[in-house]
Amino acid sequence: MSEIKITLPDGSVKQYQSGTSALQIAQSISEGLARNIIAAKVNGKVVDATLPVNMDADLVLLKWEDKEGKNTFWHSSAHLLAEALEALYPGVKFGIGPAIDAGFYYDIDFGDHKFTSEDFGKLENKMLELAKNDSKYERKEVSKSDAIQYFTEKGDPYKIELLQDLNDGEITFYSQGNFTDLCRGPHIPATSFIKAVKITSLAGAYWRGNEKNKQLTRIYGITFPKKSELDAHLLMMEEAKKRDHRVLGKDLEIFCFDDDVGPGLPLWLPKGAAIIERLEEFAKKTEKEAGYVRVKSPHIAKESMYIKSGHLPYYQDSMFPPMELDGTKYYLKAMNCPHHHKIFDATPKSYKDLPVRYAEYGTCYRYEQSGELFGLMRVRSLTMNDAHIYCTKAQFEQEFKAVNNLYLKYFKVFGIDKYVMRFSKHDPKKLGQKYINSPELWKETEDMVRNVLISAGIPYVEVEDEAAFYGPKIDIQIWSAIGREFTLATNQVDFAQAERFDLSFINEKSEKERPLILHRAPLSTHERFIGFLLEHYAGKFPLWLAPEQLIILPISEKYQEYAEKVLNVLKKHDIRALIDDRSEKTGKKIRDAEMKKLPLMLIVGEKEQAENTVSVRKQGGEDLGTMSLESLTDWINKEIETQLN
RNA sequence: GCCGUUGUAGCUCAGGGGUAGAGCACUUCCUUGGUAAGGAAGAGGCCAAGGGUUCAAAUCCCUUCAAUGGCUCCA
């Protein structure tokens, strides 16, 4: 037999017999290592650890700690779930069962049987029982006709449908115990790797994601190689739930919903409104410095405007139905851009006026499907940190860059670092349907955007079929506490609406020319941004943004008068403060202030009253000591200045 | 919009065919206490809404509304 050269990640090269598996290679290094090997990466491709290697290769041994290792582990767990289901409910039919970011799911057609969350325990136990059998995951290449025959005999129509799309020669089965599945692999060596199982939830899911298809039962689960890891995971999930903006928003009295107001229509309580005020102050100042001017527009407009803008055919389903007055239809605005275009068009423009930057915190209404509403992250009334920039082609790059820099500046202030910049492009197949049919302009503007991103050295991912109908965009993707992905902010190019609105400026040659338009909303909408910030800060807003910045805690009622004196001084300095005048002990007052996540606590008693000072405690416990009111206000101002720069 | 689950006090939840319970919060009183929970008493509910079954419904059934986990969709 021939020899092969295996290169390990540390660069070392070892010789093995051809046909040696990654697992055997691991064993040759150490038994302990081999026990932890879940899969292997051979020349960059993830494969079974037991697959024989027949050529010289770069080899990475994948463990649970590796992302691909977890992926393989969970994918194999989905097969174990299926095996358990088949044992418990003979005759169930299987859809697909992939690994996801945290765990796996399997789509099941239970036929007439009703599977409920009460069956979770039974299923978990069965999975653990089967795991203990230590069944090997065995790979087998099969011909397409054999594969179809197998599933026809078994009576699994979904698998047969999946097989139709596969080519003969690339089909593999994996078996463990009594269960065989159509699967590309790879898998863990044996079921005994799985030591802890948790079925997490149950949901309906359309077969192949199409709402016209039958709805299957999707069972979500997660597994671990150690019981302790499952416990840690469950604890983490509990913590994430506490961070959920819907929970914090209620606890901290930021916002609420009311049945009489309507779903997706948040009410801002005083503390929520205070945060909005801070955000707007900050945005208006920043935008002013960046050369924006502010405009204002009404909340409704005639149908004709949305026909002109081209929004109506794309957007009608997600707009509130129109009101009809004297035969004219009026829509609640779902976006601010057409209004801004009209403002641009209201006065003649010269090239000397450009770029024109119109900013507005504009409130829009979108009739999102009821099932899509999600706390503050998906709502039906939203106030956007909107602006539109009208510029020449020559100015485009600089403007686009400036907008990007603005984003980065904001992200620094808010400490936003876990995001992905997504360069969202059109899909050429959908020109004329989802996207304006101008292939050259798409190419041109997408190239411009890419160039800006590359020259600015900003990391990004390119994604097709995510653009706006009027042009490409950059989306900032973030994740909520419970792991749901959202677009926080967008920066969009628009080459279509200027044409539709017949917008123009007079260029140097005294000719009419169309401006390019940028749409941008770096601070998203108040709803989504505050929802995000609640989770991001876990409710502990920084001093500049906190609805209530500090609370004065008199040691006893005897110091109430002094506390009020302090309050008045602070109010004169525009500091948002209040007094806890309850007849409670200081420990209790501190605890309650901590629960409300107030950034600062001022303790005042005999000593402070005598010296005309306050004792300052930061949220979390840090003692800033005793200071005069003057040094406190100085300290606060400095702190805020640091936070905003 | 579709499928599953849930809806009991301001909040978190228990209960469950015979006219409602806890903890926290709230109010009052006692206490005047120095860096994460002092004590006592009190008040607070058409058990989401509507209909049905029943001698009797918060409890069982149906419809609606809302929330929630997904799917589809999206800033």
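Letters A, B, ... are given to chains in the order of the sequence lines, protein chains preceding strands, and every chain is numbered from 1.
Applying the 4.0 Å criterion to OP1 and OP2 of A36(B), one finds that Arg617(A) has a side-chain N or O inside that range. Under 4.0 angstrom from either OP1 or OP2 of U68(B) there lies no side-chain N or O belonging to Arg378(A). Contact check, Ser370(A) against G1(B): a side-chain N or O comes under 4.0 Å of OP1 or OP2. Of the side-chain N and O atoms in Lys473(A), one or more sit less than 4.0 angstrom from OP1 or OP2 of A75(B). For U31(B), the OP1/OP2 oxygens have no side-chain nitrogen or oxygen of Lys558(A) closer than 4.0 Å.
Which of A25(B), U35(B), A67(B) sits closest to the side chain of Pro263(A) comes down to A67(B). Among the nucleotides C74(B), U72(B), C30(B), the one closest to any side-chain atom of Glu372(A) is U72(B). Of the listed nucleotides (A75(B), U35(B), A37(B)), A75(B) has the atom at the smallest distance from the side chain of Glu368(A). Residue Tyr220(A) has its side chain nearest to C71(B) when only G38(B), A75(B), C71(B) are considered. Closest contact between the side chain of Arg591(A) and the listed nucleotides A36(B), U31(B), U12(B) involves A36(B). When distances are taken from the side chain of Phe374(A) to each of G33(B), G69(B), G70(B), the shortest belongs to G69(B). Looking at the side chain of Ser615(A), the nearest of the listed nucleotides G34(B), G33(B), A75(B) is G34(B). Listed candidates were C26(B), U12(B), G34(B). Nearest to the side chain of Arg582(A) is C26(B). Listed nucleotides: U35(B), G1(B), U32(B). Nearest to the side chain of Ile590(A): U35(B). Listed nucleotides: G34(B), G69(B), G1(B). Nearest to the side chain of Lys607(A): G34(B).
The side chain to side chain donor-acceptor pair (under 3.5 Å) with Tyr470(A) is formed by just one residue from the set Gln492(A), His311(A), His426(A), Gln497(A); it is Gln492(A).
Among the atoms of the strands shown, base atoms are found under 4.0 Å from some heavy atom of Val379(A). Within the nucleic acid shown, Glu608(A) comes within 4.0 Å of at least one base atom, counting heavy atoms only. Using a 4.0 Å heavy-atom distance criterion, Gly605(A) is classed as a base contact. Thr525(A) comes within contact range of at least one nucleobase, with a heavy-atom separation under 4.0 Å. Across all strands shown, Glu527(A) has no heavy atoms under 4.0 Å from either base or sugar-phosphate atoms.
Nearer the 5' end of RNA chain B, as judged by each residue's closest nucleotide, is the contact made by Pro554(A), out of Pro554(A) and Glu594(A). Place Asp259(A) and Glu485(A) on RNA chain B by their nearest nucleotides, and Asp259(A) ends up nearer the 5' end.
When the P atom of C11(B) is taken as reference, atom NZ of Lys241(A) falls 19 Å away, rounded to whole Å. Going from atom OH of Tyr106(A) over to atom P of G4(B) covers 22 Å, rounded to whole Å. In this structure, CZ of Arg380(A) is placed 8 Å from P of A66(B), rounded to the nearest angstrom. Computed from coordinates, the Glu557(A) CD to U31(B) P distance equals 11 Å when rounded to whole Å. What separates NZ of Lys250(A) from C1' of U68(B) is a distance of 12 Å, to the nearest Å. Distance Leu216(A) CG to C2(B) P: 18 Å, rounded to the nearest Å. Counting to the nearest Å, the P atom of G70(B) and the CG atom of Asp107(A) are 14 Å from each other. Between the P atom of G38(B) and the NZ atom of Lys589(A) lies a distance of 11 Å, rounded to the nearest Å.
For an aromatic pair to be called close, the ring centres must be under 6.0 Å apart, and Phe282(A) with Tyr410(A) satisfies this. Centroid-to-centroid, the aromatic rings of Tyr367(A) and Phe320(A) come within less than 6.0 Å.
U53(B) and C26(B) have their P atoms separated by 46 Å, given to the nearest Å. A14(B) sits 15 Å from U6(B) when the C1' atoms are compared, rounded to a whole Å. Nucleotides C65(B) and A49(B) are separated by 7 Å at their C1' atoms, to the nearest Å. Here, U8(B) and G50(B) have their P atoms 16 Å apart, quoted to the whole Å. Atom C1' of G44(B) sits at a distance of 15 Å from the matching atom of G23(B), rounded to the whole Å. Across the C1' atoms, C46(B) and G51(B) are found 16 Å apart, a figure rounded to whole Å. Straight-line distance between the C1' atoms of G17(B) and A57(B): roughly 6 Å, to the nearest whole Å. Nucleotides G7(B) and A48(B), compared at atom C1', are 6 Å apart to the nearest Å.
A cation-pi arrangement is absent between Arg528(A) and Phe486(A), since the terminal nitrogen or guanidinium carbon is not both under 6.0 Å from the aromatic centre and inside a 45° cone about the axis.
Between the base of U31(B) and the side chain of Ser583(A) there is a donor-acceptor pair shorter than 3.5 Å.
Side chains of His388(A) and Glu360(A): no donor on one and acceptor on the other come within 3.5 Å.
Between Lys333(A) and Tyr306(A) the shortest side-chain heavy-atom distance falls below 4.5 Å. Looking at heavy atoms from C-beta onward, Ile530(A) lies in side-chain contact with Ile254(A) at the 4.5 angstrom threshold.
Using cut-offs of 30° and 60° for the angle between ring planes, the His536(A) and Phe532(A) rings count as parallel. Classification of the Tyr435(A)-Trp442(A) ring pair by plane angle, with boundaries at 30° and 60°, yields perpendicular.
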Legend entry - Dot-bracket line, read 5' to 3' along RNA chain B, where crossing pairs take [ ] and | marks a partner on another strand, Watson-Crick or G-U under 3.5 Å: (((((((..((((....[..)))).(((((.......))))).....(((((..]....))))))))))))....
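Ionic pairing of Arg617(A) and Glu594(A) is present here: one or more N-O contacts between side-chain nitrogen and carboxylate oxygen are shorter than 4.0 angstrom.
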Legend entry - Steps toward salt bridge (Lys or Arg N to Asp or Glu O under 4.0 Å) verdict (Arg378(A), Glu372(A)): CA-CA 7 Å; Arg378(A) 261 317 256 297; Glu372(A) 269 132 35; 3.8 Å; yes
